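Chain A is the first sequence line, chain B the second, and so forth, proteins listed ahead of strands; every chain is numbered from 1. Everything numeric in this text was worked out from a predicted model, so none of it was measured.
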Amino acid sequence: MQDREDSLVGSRIVKLDRLREKGIDPYPPRYRRTSDTAAAVAEFEAWEKAGSQDEEASPAPEHALAGRIVSMRVMGRAAFLDIRDGSGAVQVMFRQNVLGDGYELLKDLDLGDFIGVGGQMLRTRTGEVTIEARDVTVLAKGMRPLPEKYHGLRDVEIRYRQRYLDLIADPEVMEAFAQRSRVINSIRRYLDGRGFLEVDTPILVPVAAGAHARPFDTHHNALNQRLYLRIATELYLKRLIVGGFDRVYEIGRVFRNEGIDQDHNPEFTLLESYEAYADYNDVMTMVEGMISTAALDARGTMSIPYGEEIIDFAPPWPRLQLKDELYRRSGVDIDEYPGDEALVRKMLQLGIDVGVRESRGRLIDKLVSTFVEPNLVQPTFLLDYPEDMSPLAKAKPGSPGYVERFEAFAAGMEIANSYTELNDPAVQRERFEAQESIRERYQDEEVDRLDEDFLTALEYGMPPTGGLGVGIDRLVMLLTGQASIRDVLLFPQMRSRREDQGEAESGEADALQ
RNA sequence: GGGCCGUUAGCUCAGCUGGCAGAGCACCGGACUUUUAAUCCGGGUGUCGUGGGUUCGAUCCCCACACGGCCCA
């Protein structure tokens with residue numbers, strides 16, 4: 001921090017010193033306010049409405065309010081400040097004849113400081129509900145200037161790196177995160193109301209299984225063991241179904257060591273739920289109910305504008321067969337291309353950039369995400385996926401090569417993924433082994449990993465179960481109209497600036513020399 | 001990983017063909033006892049992202065790097 005007296009910070013240091021010279025603690029331990037600003041304003045307006053003309057019998061309410069100074073209009077021997085707290089803002093009036101020597105404090109106040117103000121509420125000539133300060137207490141001196149009040153904070157890098165400034169500068173940002181909280185709350189209430197038990201499963205795991213993703217790895221010193229950050233909660237939640245819980249869910253952070261873009265952050269929030277004696281049809285009904293309710297709770301309506309579209313989450317949502325829809329959109333009947341080479345040739349014909357060697361599951365995934373997903377604007381279920389891309393899902397009776405799995409889409413984005421869970425331990429072992437052999441054949445490809453302890457659990461018997469995964473951040477994007485995942489994460493992952501990077505990193509570099 | 005764009009005062013942004021670094025808000029000094037982006041008078045507070053290069057001279061041209069954004073893979 002610069003300490004030159006002519007700098008913006010420097011002038012605040014001068015004021016801080018002056019406060020201390022006057023015997024004022026610029027960071028006192030507490031301040032007892034009588035109300036927040038919104039409640040005080042509401043109370044005053046109610047008092048006005050009651051309309052007592054007799055100020056003696058019914059004087060205007062008195063309060064001690066506190067907040068951050070967000071604007072100041074100083075006019076000689078009177079001044080108007082706006083202070084803001086978490087509930088809202090209120091105007092404060094300072095007058096020299098009321099405050100006496102206390103009025104001098106104004107000279108040492110800056111935008112950004114927190115103050116407490118005691119006095120009577122009134123309405124000014126221009127109609128603003130105001131507290132007239134009879135006493136003023138400095139609660140916390142701000143040492144840096146705030147972003148400009150009119151244009152706000154436009155620099156997205158600062159908005160993400162210093163989110164607190166973004167929150168100070170833009171009330172809509174605060175509202176978006178309040179909506180996020182309401183979405184998650186609503187989902188919790190929905191599941192709790194249906195008898196689901198919320199649980200916590202390990203984040204540090206010996207095997208990063210349950211999804212196709214690259215994990216972060218770490219090391220536990222005392223155990224001298226390699227550990228991973230979980231990429232999914234699936235296999236632990238299923239162990240709990242084996243253990244006898246009928247309905248469990250977890251809303252937790254998972255970690256995938258992959259790229260960062262508009263809808264990927266290396267850590268994100270995943271909801272997974274498992275319900276014994278249910279199948280993917282039951283889960284579909286639940287997803288419609290849960291997400292439409294979340295829309296209603298967060299936004300007050302099930303019709304949510306997103307980009308150019310209005311997305312209507314009211315159930316029921318159309319249910320389309322993946323195979324049929326893919327054929328309709330691309331002209332490719334995947335069953336006519338049982339061999340991967342024929343499928344690759346067909347895809348190249350269609351102008352899809354197919355890598356040197358890609359597994360069948362991945363090829364089909366590319367077809368679907370190219371031809372089908374972008375067209376699923378209104379909430380839609382896509383049903384019955386090829387087994388190749390779904391190692392944890394149970395086969396669909398009468399449809400060899402397909403499993404009972406659905407994904408839900410809205411605005412072209414995946415918002416849910418669900419299976420009738422595979423509970424045959426021998427088949428599950430074969431599926432894991434098939435995944436491992438894909439890893440060997442197609443080197444760069446991420447596949448699911450074999451979790452021996454999970455197979456042991458399955459061998460004890462898991463009832464028929466319907467499972468669900470929902471990417472909460474993307475759902476919140478949809479429900480709050482945000483185009484980037486960074487706008488629904490308070491602190492999105494950012495690359496450290498070089499000078500900020502930790503000692504460990506440079507230490508390692510030194511050690512290599 | 002590739003392409004394009006951005007980085008100038010605390011914030012939001014100008015800065016022409018290479019010639020003394022600019023505005024608004026914020027800030028500092030002064031006036032002002034009912035203001036609402038208060039107003040009026042005076043003041044520019046800067047590592048032009050970083051490091052090289054070209055040039056008499058670089059915010060500007062060239063190269064590399066850093067960080068960010070968008071598009072593509």
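For A:Asp487 and A:Arg159, the salt-bridge test passes: some basic side-chain N is under 4.0 Å from an acidic carboxylate O. The existence of a salt bridge linking A:Asp353 and A:Lys366 is excluded, since no basic side-chain nitrogen approaches an acidic carboxylate oxygen closer than 4.0 Å.
Remark: the separation of the C1' atoms in B:G24 and B:A14 is 11 Å, to the nearest Å.
Pairing for B:C67 is with B:G6, a Watson-Crick or G-U wobble pair whose two hydrogen-bonding atom distances lie under 3.5 Å. When Watson-Crick and G-U wobble pairs are counted only if both distances are under 3.5 Å, B:C32 pairs with no nucleotide at all. Base pairing of B:C20 is not made with any nucleotide, judged by Watson-Crick or G-U wobble geometry with both donor-acceptor distances under 3.5 Å. Remark: B:A14 base-pairs with no nucleotide; criterion is Watson-Crick or G-U wobble with both hydrogen-bond distances under 3.5 Å. In this structure, B:U45 and B:A26 make a Watson-Crick or G-U wobble pair, each of the two defining distances being under 3.5 angstrom.
Of the candidates B:U35, B:A66, B:U12, B:A66 carries the atom nearest the A:Arg495 side chain, counting heavy atoms from C-beta on. If you check B:C28, B:G24, B:U36 against the side chain of A:Glu148, the one that comes closest is B:G24.
Base contact: A:Gln91 has a heavy atom under 4.0 Å from a base atom. Residue contacts for A:Arg95: at a heavy-atom cut-off of 4.0 Å it reaches a base atom on one of the strands shown.
Between A:Lys15 and B:C28 there is a side-chain polar atom (N or O) within less than 4.0 angstrom of OP1 or OP2. Between A:Arg159 and the phosphate of B:C11, there is no side-chain N or O to OP1/OP2 separation shorter than 4.0 Å.
The distance between atom NZ of A:Lys149 and atom C1' of B:A38, rounded to the nearest whole Å, is 9 Å.
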